[in-house]
Amino acid sequence: MTTRTCPCGRPESYDACCGRYHAGAAAPSAEALMRSRYSAFVKGDAGYLLRTWHPRTRPVRLDLDPGTKWTGLEVLGTTDGSAFHTTGTVTYRASYRGGSLHERSRFERVDGAWVYVDGDFLE
């Protein structure tokens, strides 16, 4: 069992946090899905990223750069995205060696499950 904290920044272990979503459990909120997608980038899990991408906007394939070293995630804000909503947004900054990505991501429920739709890059 992994005792290190989850790559998404939560204090739980990877197995107790994002690992359970990668293994098939449904993320309960847009923020939880976004965190699990960040962890999937860290782990190089393109299959999970594609499975949790809205069918309307999902690319045919996803080639991750194994040279990208993700170093941290900061959630800056959320709008809706709970069990009581059908849409939500999460604004975050994901850092990697040499820079960072600042995005406001949009999420929707498809057949009850949260999926990533798209996002806007922010300055």
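Source: prediction; values computed, not measured. These values consider heavy atoms only, across backbone and side chains, with no hydrogens, waters or symmetry-generated copies. Starting from 1, each residue takes its place in the sequence as its number.
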Checklist entry - Does a donor on one side chain and an acceptor on the other come within less than 3.5 Å for H54 and T57? => result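 Side chains of H54 and T57: no pair found under 3.5 Å.
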Checklist entry - Hey, are Y92 and H102 close enough side-chain-wise for a donor-acceptor pair under 3.5 Å? => result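 Distance-only check fails for H102 and Y92.
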Donor-acceptor contacts under 3.5 Å from residues 43-50 side chains, at least two apart:
from	atom 1	to	atom 2	distance (Å)
D45	OD1	G47	N	3.4
D45	OD1	Y48	N	3.0
Y48	OH	S36	OG	2.6

Item to check | side-chain contact (heavy atoms from CB on, under 4.5 Å) between F41 and L64, intermediate numbers included | outcome: CA-CA 8 Å; F41 275 103; L64 300 178; 3.5 Å; yes
Do you know which two heavy atoms are closest between [X] and [Y], and how far apart they sit?
X   : Y    : result
P28 : Y21  : CD-OH, 3.3 Å
L33 : Y116 : CD2-N, 3.8 Å
W70 : A94  : CZ3-CB, 3.8 Å
P7  : Y14  : CD-CD1, 3.9 Å
C8  : S39  : N-OG, 3.3 Å

[X] versus [Y]: any side-chain heavy-atom pair under 4.5 Å?
X   : Y    : value
D80 : T89  : no
T87 : R106 : no
L73 : R35  : yes

Next on the checklist: Go through it in stages, so that I can follow the logic: the residues are V115 and R109, the test is side-chain contact (heavy atoms from CB on, under 4.5 Å), and I'd like the CA-CA distance, side-chain angles, deciding distance and then a yes or no.
Outcome noted: CA-CA 6 Å; V115 292; R109 284 186 186 264; over 6 Å; no
Item to check | Under-4.0 Å salt bridge between R93 and E103 | outcome: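 So R93 does not pair with E103 through a salt bridge.
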Checklist entry - Salt bridge or not for R10 and E31, using N-O below 4.0 Å? => result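 Looking at E31 together with R10, the answer is yes, because their closest N to O distance falls below 4.0 Å.
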Checklist entry - Do the side chain of T71 and the main chain of S95 share a donor and acceptor less than 3.5 angstrom apart? => result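 Yes: the side chain of T71 pairs with the backbone of S95.
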Checklist entry - Is the side chain of R20 donor-acceptor paired with the backbone N or O of A16 at a distance under 3.5 Å, no angle test? => result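 Confirmed, R20 side chain pairs with A16 backbone.
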Checklist entry - Would F107 and W114 satisfy ring-ring contact (aromatic ring centres under 6.0 Å, His included), going step by step from the backbone distance to the final call? => result CA-CA 7 Å; F107 298 87; W114 285 107; 7.2 Å; no
Item to check | Evaluation steps, side-chain contact (heavy atoms from CB on, under 4.5 Å), between C6 and S13 | outcome: CA-CA 5 Å; C6 191; S13 70; over 6 Å; no
Say you draw a straight line from [atom1] of [X] to [atom2] of [Y]; how long is it, rounded to the nearest 0.5 Å?
X    : Y    : atom1 : atom2 : answer
D120 : S105 : CG    : OG    : 8.5 Å
D118 : E108 : CG    : CD    : 8.5 Å
T78  : H85  : OG1   : NE2   : 9.5 Å
M34  : S29  : CE    : OG    : 9.0 Å
R37  : R51  : CZ    : CZ    : 11.0 Å

Next on the checklist: The criterion is salt bridge (Lys or Arg N to Asp or Glu O under 4.0 Å); which residues satisfy it with R97, sequence neighbours excluded?
Outcome noted: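 Salt bridge (Lys or Arg N to Asp or Glu O under 4.0 Å) check on R97 returns nothing, list empty.
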Checklist entry - More than 12 non-hydrogen atoms from neighbouring residues, nucleotides or ligands closer than 6.0 Å to CZ on R58, yes or no? => result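 Enclosed.
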Next on the checklist: Does V75 form a side-chain contact (heavy atoms from CB on, under 4.5 Å) with V90? I'd like the steps, not just the answer.
Outcome noted: CA-CA 7 Å; V75 174; V90 179; 4.1 Å; yes
